[in-house]
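Take a look at the structure below.
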Amino acid sequence: MSAPAGREAVEQTPLQAYAPEIAVNAAGRLWRLTRAADLEQLWDAMTDDPRNFEDERLPYWTELWPSSVALAGWLAERREEIAGRACLDLGCGLGLTALVGQWLGARVTAVDYEEDALRFARLNADRNAVAQPCWTVMDWRRPAVRARSMARIWGGDIMYEKRFVAPVLRFLTHALAPDGAAWVAEPGRSVYEAFLHALHGGGWQGRRVHTARVEPLYAQPVPVTVQVWEIRRGTP
């Protein structure tokens with residue numbers, strides 16, 4: 001099965017500095033994404049309130065992380081698994097992987113903690129001529145999706161601290177269909193060692209299914225190596 005027709009990929013030039021408009025090749029086509037115009041102003045507004053540090057309410061969503069690009073490629077490889085099925089993008093940010101999934105035929109629900117992220121994600125769906133996923137503001141500690149309703153759940157670089165591990169696994173327990181799978185992309189952060197250890201202790205099975213070298217969005221000397229892990233419920 002070939003990918004849906006889309007805009008052809010073009011040569012990508014690394015950014016020298018933050019820019020409000022970015023372009024990235026992923027899943028066999030070019031994606032153009034709009035994001036916050038002034039990163040410094042956004043950070044200042046977010047960090048004025050110390051409670052934002054306590055609850056990780058920082059504007060990580062305005063960056064496009066290498067894990068999202070690698071995950072987009074993996075979704076393209078698994079298009080037959082997701083087409084026509086209920087899927088969830090956990091921590092969708094600017095919307096790249098949600099848009100890729102929707103473009104490939106999945107019925108995507110995309111969630112993020114920050115309403116501003118979803119506002120840009122909606123704009124990016126229109127800009128890339130992709131049908132709008134179901135965008136939802138949600139804290140994964142308080143699931144707002146029907147229990148065991150998602151055939152596939154995916155997220156790119158969604159954990160930065162060990163304290164995120166347990167809430168993510170509880171969310172997967174709630175939302176993932178009994179025969180479903182979750183795909184988590186990560187760039188080698190040490191927190192994922194704790195995550196993989198917790199999988200086996202919590203009745204899950206995890207295996208590495210994909211490794212990709214992602215050319216950096218910004219000018220830097222080397223690509224970023226990203227791994228995608230597939231997570232399923234363990235055999236009773």
Side-chain angles (χ1 to χ4, degrees), residues 1-16 18-36 61-112 117-135 151-158 181-187 209-220 223-228 230:
M1 177 179 176
S2 60
R7 301 173 188 177
E8 293 183 359
V10 298
E11 185 176 354
Q12 185 176 317
T13 303
L15 298 174
Q16 300 300 317
Y18 181 89
E21 306 288 336
I22 54 178
V24 62
N25 291 314
R29 62 164 281 188
L30 178 69
W31 301 86
R32 297 190 183 278
L33 305 176
T34 299
R35 56 183 178 171
W61 58 264
T62 199
E63 288 291 359
L64 181 64
W65 302 98
S67 292
S68 294
V69 179
L71 182 57
W74 173 248
L75 294 180
E77 290 189 20
R78 311 312 296 177
R79 61 179 66 90
E80 293 183 0
E81 288 186 35
I82 66 176
R85 306 181 77 183
C87 300
L88 185 138
D89 188 312
L90 188 61
C92 66
L94 294 172
L96 176 64
T97 52
L99 298 183
V100 169
Q102 190 83 354
W103 178 63
L104 292 168
R107 296 183 287 111
V108 178
T109 297
V111 303
D112 203 279
L118 299 182
R119 179 166 60 87
F120 282 101
R122 289 188 190 97
L123 292 173
N124 290 330
D126 286 340
R127 183 168 188 188
N128 290 279
V130 173
Q132 294 285 349
C134 177
W135 306 106
R152 296 291 183 271
I153 296 174
W154 59 72
D157 214 357
I158 55 177
W183 295 319
V184 177
E186 54 90 10
V209 293
H210 182 62
T211 300
R213 287 168 57 84
V214 179
E215 292 300 325
L217 178 63
Y218 295 94
Q220 64 183 55
V224 177
T225 299
V226 177
Q227 300 180 100
V228 178
E230 182 175 271

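Quantities reported herein were computed from a predicted structural model and do not represent experimental measurements.
Side-chain atoms of Trp31 do not come within 3.5 Å of backbone N or O of Asn128 as any donor-acceptor pair. Side-chain atoms of Asp157 do not come within 3.5 Å of backbone N or O of Ala185 as any donor-acceptor pair. Side-chain atoms of Gln132 come within 3.5 Å of backbone N or O of Arg122 as a donor-acceptor pair. Side-chain N or O atoms of Arg35 include one that pairs as donor or acceptor with a backbone N or O of Thr62 at under 3.5 Å. For the pair Arg85 (side chain) and Ile82 (backbone), a donor-acceptor distance under 3.5 Å is absent.
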* To do: Kindly determine whether Arg119 and Trp135 satisfy side chain to side chain contact (heavy atoms under 4.5 Å, CB included), including the steps that lead there.
  => CA-CA 9 Å; Arg119 179 166 60 87; Trp135 306 106; over 6 Å; no

* Asked: Step by step, would you call Arg29 with Trp103 a side chain to side chain contact (heavy atoms under 4.5 Å, CB included)?
  -> CA-CA 11 Å; Arg29 62 164 281 188; Trp103 178 63; 3.5 Å; yes

* **side chain to side chain contact (heavy atoms under 4.5 Å, CB included) between Trp65 and Val224, worked out** => CA-CA 10 Å; Trp65 302 98; Val224 177; over 6 Å; no

Would you list the atom pairs, donor with acceptor, under 3.5 Å between side chains in residues 88-97 and any protein atom, with sequence neighbours excluded?
residue	atom	partner	partner atom	Å
Asp89	OD2	Thr97	OG1	2.4
Asp89	OD2	Ala98	N	2.9
Asp89	OD2	Trp154	NE1	2.9

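The distance from the OG1 atom of Thr34 to the CG atom of Asp126 is 10.5 Å, given to the nearest 0.5 Å. Put simply, CG on Leu71 and NE2 on His210 are 8.5 Å apart, with the number rounded to the nearest 0.5 Å. Atom CG of Leu118 sits about 9.5 Å away from atom CH2 of Trp61, to the nearest 0.5 Å. For the atom pair CG (Leu64) and CD1 (Ile22), the distance works out to 4.5 Å, reported to the nearest 0.5 Å. Atoms CD and SG, from Gln102 and Cys134 in turn, are 9.5 Å apart once rounded to the nearest 0.5 Å. Distance check, rounded to the nearest 0.5 Å: CZ of Arg78 to CG of Leu104 gives 12.5 Å.
The nearest pair of heavy atoms linking Leu99 to Ala125 is CD2-CB, 3.5 Å. Minimum heavy-atom separation, Glu230 to Ala181: CG-CB, 4.1 Å. Across Pro223 and Pro216, no two heavy atoms sit closer than the pair CA-CD, 3.9 Å. When all heavy atoms of Leu30 and Ala23 are compared, the pair lying nearest together is CD1-CB, 3.8 Å.
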